[in-house]
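Note sheet for the following structure.
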Amino acid sequence: MYPLFLVILLVPAACGIGCPPGCECNDDTFVVQCVHGRLDVIPITLNPAIQRLVLKSNRIRSVDSALQFYRDLRYIDLSSNHLVSIPSGNFLYQERLQELHLYNNTLSSINTTTFQGLKSLTVLNLRKNYLDELPKRLFSTLTKIEELDLGENSISRIDPLAFDGLRNLRVLYLDDNNLSMVPTPTFSVIGSLAELHVGHNGFTILPDDSFKGLSKLTVLDIRSAGLSNISLNAFRGLTMLRSLNLADNRLQQIPTAQLQHLVRLEELTIGQNEFTVLEKGAFKGLSNLVKIDITSAINLERIEKGAFSDNLNLETIILVSNKRLESLEDGVLVGLPNLRRLVLRENSFKTLSESVTSWNELKALELTDNPINCDCQLLWLLKSISSRNLTNVQCSTPLQLRDRSLRTLTADDLGCSFRDPRQQAIIITFCVSATILLGLLCLFLFRYRLKVREALKDYKWNKRAISRKEHEYQKTFSDEDYITRTGQHYIKPIPVTEL
Ligand SMILES: *[C@@H]1O[C@H](CO)[C@@H](O)[C@H](O)[C@H]1NC(C)=O
Ligand SMILES: *[C@@H]1O[C@H](CO)[C@@H](O)[C@H](O)[C@H]1NC(C)=O
Ligand SMILES: *[C@@H]1O[C@H](CO)[C@@H](O)[C@H](O)[C@H]1NC(C)=O
Ligand SMILES: *[C@@H]1O[C@H](CO)[C@@H](O)[C@H](O)[C@H]1NC(C)=O
Ligand SMILES: *[C@@H]1O[C@H](CO)[C@@H](O)[C@H](O)[C@H]1NC(C)=O
């Protein structure tokens, strides 16, 4: 008996119960972390009460029966390992598990039995694996699941009932797969969805009612999906949508009519497309829009006045890295009472007129990395630098001011002083013309001095008469009245040409 007792007592101690080399184990918080280690299996000597197991970046090839020793686990991270498959029923004892991270492995086949037992799972991350197909009722045992990440796989087929049973699903990532159509038929069983990411696929078109059934969707991300054509009613039914990302597609125009279905839209990202102009009323009907982001629209050349005229709630306009955009028309951003932040970085602006917008609420203007010409036209900007939150504006031209910061310049540097020869010339011309005109006037008065004196007398008399009449009738006379009433006394003005 004695040796056996010793063995029971000493073996675990000798094997170092708790912590294999390269791991950190905390018996107070029940957290074990073995990150960037060389583990090729899940250790079985850990504290059986652990709740959080982080085995990121090891060489684990399979999830074997080891997990059955840890029945209190809430969180497992097996990201960046070498998992190829997961045997059926592997998680049968993980009834308390809430998050399972299998990101960046080489899983190619999972089926309905894979996730059996995960009654409490709310987050499942399968991003960056080799899944190519999602069969019927694949995740149906995961009734509590709220977030499912299937991004960066090679999924090309999704059964209409693939997500059946996921009544609580709120966030779904299907981005960066091999889908050629938006998987519309699958949406009818996940009406609870709030966020959908389907970008980085090859759609080319979005047909009518592409998102049918997703009436609670608030975030939709379709960036980089090769879209060149969006059907008129593609977004029909998305009445709760607040954020839409359409960046990096092949849209040749702003899909104005299509977007009008999105009455609640607050945030629109639509850069990296092929449109050349933002027409008047381009975002018609989007009265709740708060933020618009147009970054790297390579062909964008012009923004028409009134492009944002329907978007009175706009607070942030981001126009960044639009290399063909050389100027903003006067008044193009006026009438936006809530505009707070204007980001105009990395365009081709040489100058910016003060009358582009009305500056009421504007708190921040970013204008860096434009080929700004620092001349007197920017004096207003220099003056308002201190009062507005302006990021650094650097001069590109003229040569002597190259790379200087506008902030450090004076009105003199901008050539605003009268020493400017061009302005001097203008002033001299003005003075000379004024002198000549004055001379001519004197000459005229002198030549016709008698007539003028008489005329003035008449005028005084008429005026008195009129004011008396006005007083009587409490009414103003029109010019015609004046002429007819004063009859002979009306003075024909002497045309200047008679001089
Ligand atoms: C994915 O895992 C491999 C090892 O399996 C690792 O070398 C690579 O850096 C990981 N990639 C990312 C993006 O984490
Ligand atoms: C599910 O996958 C496991 C492991 O790949 C396999 O052993 C099992 O036979 C599969 N079950 C079904 C019903 O396809
Ligand atoms: C994508 O799917 C097509 C067929 O739909 C297939 O020919 C192609 O090989 C797939 N590409 C990848 C990377 O899986
Ligand atoms: C977009 O698709 C609609 C219907 O599918 C078609 O009538 C229209 O010509 C297409 N437009 C472009 C620019 O391809
Ligand atoms: C000024 O702008 C920067 C960046 O745009 C921002 O982080 C900062 O909070 C702003 N400061 C004020 C006082 O608005």
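Counting starts at 1 for both ligands and their atoms, in listed order. We use all heavy atoms of the structure for the numbers below, so side chains are in, but hydrogens, waters and symmetry mates are not.
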Between Asn245 and Thr269, is there a side-chain donor-acceptor contact under 3.5 Å, judged purely by atom types and distance? no

Give the atom numbers and elements of ligand 1 that come within less than 4.0 Å of a heavy atom of Ser80. 1 (C), 2 (O), 10 (C), 14 (O)

Pairs flagged by salt bridge (charged side-chain N to carboxylate O under 4.0 Å, His left out) wherever residues 148-163 is involved - sequence neighbours left out: Arg127-Asp149, Arg127-Glu152, Glu133-Arg157

For Asn81 and Asn58, which I'm curious about, is there any donor-acceptor pair between the side chains at under 3.5 Å? no

Counting only non-hydrogen atoms and a 4.0 Å cut-off, the residues near ligand 2 are Ile86, Ser88, Asn111, Thr113

With sequence neighbours excluded, what pairs up with His101 under the ring-ring contact (aromatic ring centres under 6.0 Å, His included) test? Tyr75

Contact (N/O only, under 3.5 Å) between Asn104 and ligand 1: yes

Do we see a donor-acceptor contact under 3.5 Å between the side chains of Thr397 and Asn373? yes

Do His82 and Asn105 meet the criterion of a side-chain donor-acceptor pair at a distance under 3.5 Å? no

Atoms of ligand 1 close to His82 [distance to a heavy atom under 4.0 angstrom, numbered from 1]: 5 (O)

With a 3.5 Å cut-off and sequence neighbours excluded, list the donor-acceptor pairs that the side chains of residues 185-199 form with protein atoms.
from, atom 1, to, atom 2, distance (Å)
Thr186, OG1, Pro183, O, 2.7
Ser188, OG, Pro185, O, 3.3
Ser192, OG, Arg167, O, 3.1
Ser192, OG, Leu169, O, 2.7
Glu195, OE1, His197, NE2, 2.9

